[in-house]
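Structure in structure tokens, see below.
Quick note: numbers below take in every heavy atom, side chains included, and nothing from hydrogens, waters or symmetry partners. Numbered from 1 within each chain, the chains take letters A, B, ... in sequence-line order. Note that the structure is a prediction, hence the values are computed from the model and not measured.
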Amino acid sequence: MTAPVDLLAPALSDAIARALGPEFAGADPVLRPSQYADVQANAALALAKRVGASPRDVATRIVAELGDLPVSIDVSGPGFLNLTFDDAWIESLLADLAADERLGVPTQEAQVVPIDYSAPNVAKEMHVGHLRTTVVGDALARVLEHLGHRVVRQNHIGDWGTPFGMLIEHLLDVGEGSEQALLLESDPNAFYQAARAQFDGDEDFATRARARVVSLQAGDEDTLRLWSELVELSRRYFNRIYATLGVTLTDGDLAGESTYNDDLAGICDELEAAGLATMSDGALCVFLDGYTGREGKPQPLIIRKSDGGYGYATTDLATIRHRVERLGADRCLYVIGVPQALHLEMVWETARLAGWLPDHVEVVHVRIGNVLGEDRKILRTRSGAPLRLMALLEEAMANARREVDRTRPELPEEVRASIAPQVGIGAVKYADLSVAHDSEYVFDLDRMLAYTGNTGPYLQYATTRIRSIFRSAGVDPRFEAPISLGAPAERALALRLLAFGSVVAEVGDDLAPHRLCTYLFELAQEFSTFYEQCPVLKADTVEQRGSRLSLSAVTLAVLVQGLDLLGIEAPERM
RNA sequence: GCCCCCGUAGCUCAGCUGGAUAGAGCGUCCGACUUCUAAUCGGAUGGCCGCAGGUUCGAGUCCUGCCGGGGGCGCCA
């Protein structure tokens with residue numbers, strides 16, 4: 001922990017206890033960002049009533065008990081403590097940071113954390129909603145792993161259910177290995193819609209499809225072979241998208257609905273035996289207290305349909321049981337769309353009652369908000385069809401390429417060609433990550449790709465400017481030299497750098513990647529100010545040049561590490 | 001009908017466990033390149049934080065009600 005605030009908090013707590021009495025031991029010093037100082041402590045205002053003295057008085061007493069700290073303190077307003085750090089202290093902390101491979105990021109006590117994210121459907125196009133859970137889930141996986149946890153990626157793909165009767169029959173009709181079949185790898189919706197059209201328009205086909213569902217569930221060998229063919233083709237499509245996006249998911253992380261088939265009957269039996277599930281209109285249901293649906297009727301969680309089939313409620317119960325009992329989860333993350341909130345709540349409540357989800361296991365729904373179009377409705381193409389994700393990514397990369405061609409024509413063709421995907425994909429991912437994951441946002445490719453503002457390209461650009469300094473100097477960007485702070489821009493940059501570790505820890509605790517984005521953006525801005533105001537290569541003295549090079553080196557390291565935790569690449573040049 | 005989420009500057013969004021005069025980006029308007037990438041930087045402009053009550057020394061933040069928008073609610077996932 002290198003953040004000054006984290007180092008000061010215990011000292012302030014102790015001072016509070018000494019000043020106000022042992023009953024105040026462990027009191028929160030209420031440290032908050034301040035516009036008047038480096039940080040302010042608001043404890044006196046919060047505690048004044050309990051103490052029975054004026055806040056100002058309490059503040060003065062706390063200050064009197066503070067020992068020798070590397071900060072200057074004054075009591076301000078009604079009783080705020082304004083703390084300003086000594087430059088020498090910041091300099092020494094920064095030296096520690098520069099020497100620290102982890103850049104101040106703590107290693108936490110390891111937890112097992114299964115993360116459910118991405119979860120596309122077989123024979124379906126991934127849409128921007130899948131993009132967002134994929135990108136956010138992957139960033140959380142990277143952050144938690146970096147903090148020392150054992151992350152278990154769980155890609156809960158939709159690879160089972162009634163549509164497969166239709167899909168298998170259509171695969172047979174167009175022919176395995178046919179061009180039509182290969183659409184599953186390139187344009188899966190075209191395949192799906194063709195199957196759908198047959199199903200809706202051709203009664204014979206529909207009959208065959210229904211029969212096929214039955215034989216699939218019965219485990220018919222030939223049917224299963226065709227089914228795995230469909231899954232295999234879709235898997236290639238997913239992997240193409242993941243590779244383009246630079247997402248860490250692999251085939252080993254696949255844990256689709258079908259993997260739980262053997263658990264479903266047992267889950268129903270157990271719930272029924274425990275008296276939690278009852279028959280209603282031919283379906284096996286769990287009715288939970290406090291859940292009412294339309295017209296005040298009890299809201300069921302249907303775990304077995306009246307036709308004997310299982311829905312996603314049962315599968316989701318299987319996932320939680322599996323993750324707790326088999327994977328040994330301490331904390332389970334479900335990075336899933338916000339409309340699923342009620343469903344997940346009911347599944348977890350049921351799992352708790354069944355004893356599959358003990359109190360010490362934390363389950364979190366990382367709610368992914370809808371991505372909207374300009375009209376503020378869920379994003380579609382102009383024709384009303386869902387957007388093709390690959391087309392979108394290609395457009396982003398093409399636009400990035402145009403920008404690079406325009407602004408850096410002097411760079412060799414192959415360099416420009418490699419920059420474009422880094423910038424284009426980085427822009428799209430950053431856009432998903434930089435807004436709170438549970439809020440909706442309006443999709444705007446031009447804004448994402450802008451080089452100004454809180455965007456991926458702006459951050460990437462900051463890293464290339466730093467690299468450019470080192471290139472000009474002919475110095476390795478891992479440069480280290482004593483840092484001394486003179487200019488305000490240097491000091492502001494230093495303080496921001498010191499906060500990196502606690503920001504990453506906070507992102508892991510609160511599952512909020514957008515805060516890392518905000519941090520990195522502010523860091524990049526502060527670096528740009530420094531860049532304008534503090535010449536590095538033409539510094540006044542050798543010492544100053546060394547100090548500024550060192551400051552630049554740490555900034556680069558933090559930016560690159562931060563972007564990496566978000567799953568975003570940092571080009572060498574732009 | 002019930003439940004959940006949202007309403008902050010012209011636009012897109014922050015505002016973490018309540019703390020001093022509510023922030024950023026974009027846009028608009030001024031400035032700044034013989035200087036390490038001006039793809040940048042500096043400055044200005046711009047808000048009864050949906051409305052009304054309440055709790056508190058203090059409310060964008062907590063509570064209640066209302067208005068407006070979105071979503072969910074028995075056999076698709």
- Message: Please confirm whether the shortest side-chain N or O distance from A:Ser439 to OP1 or OP2 of B:A14 is below 4.0 Å.
- Response: yes
- Item | Closest-nucleotide 5' rank along RNA chain B - winner of A:Tyr441 and A:Pro163 | A:Tyr441
- Task: Sticking with atom P, work out how far B:A59 lies from B:G54, rounded to a whole angstrom.
- Result: 12 Å
- Message: One character per nucleotide, please: for nucleotides 31-41 of chain B, 5' to 3', B when the base has a protein heavy atom closer than 4.0 Å, S when only the sugar-phosphate does, - otherwise.
- Response: ----SBBSBBS
- Message: When both hydrogen-bonding distances must be under 3.5 Å and the geometry is Watson-Crick or G-U wobble, what is B:C51 paired with, if anything?
- Response: B:G65
- With a cut-off of under 6.0 Å to the ring centre and 45° to the axis, is A:Arg465 in cation-pi contact with A:Tyr531? yes
- Message: I'd like to know if the side chain of A:Asp38 pairs up with that of A:Thr84 as donor and acceptor (distance under 3.5 Å, no hydrogens or angles considered).
- Response: no
- Query: Is A:Tyr36 stacked on the base of B:A20 when the test is centres under 5.5 angstrom and planes under 30 degrees?
  - Reply: no
- Message: With hydrogens left out and only the distance checked, is there a donor-acceptor pair under 3.5 Å joining A:Ser434's side chain and the base of B:A14?
- Response: no
- Message: Any N or O donor-acceptor pair under 3.5 Å from the base of B:A20 to the side chain of A:Gln35?
- Response: no
- Message: Could you tell me how far B:G46 sits from B:C67 if I compare only their C1' atoms? Round to whole Å.
- Response: 26 Å
- So what does A:Asp509 hit on the nucleic acid, given a heavy-atom distance under 4.0 Å: a base, only sugar-phosphate, or nothing? nothing
- Mind checking the P distance from B:U28 to B:C6? Whole angstroms is fine. 33 Å
- Task: Using whole Å, report how far CZ of A:Arg447 lies from P of B:A24.
- Result: 18 Å
- Exam field: side chain A:Arg548 to backbone A:Leu537, donor-acceptor pair closer than 3.5 Å: no
- Message: With a 4.0 Å limit, can you tell me whether A:His514 has a side-chain N or O closer than that to the phosphate oxygens OP1/OP2 of B:C16?
- Response: no
- Spacing of the C1' atoms in B:C13 and B:G19 (rounded, Å): 24 Å
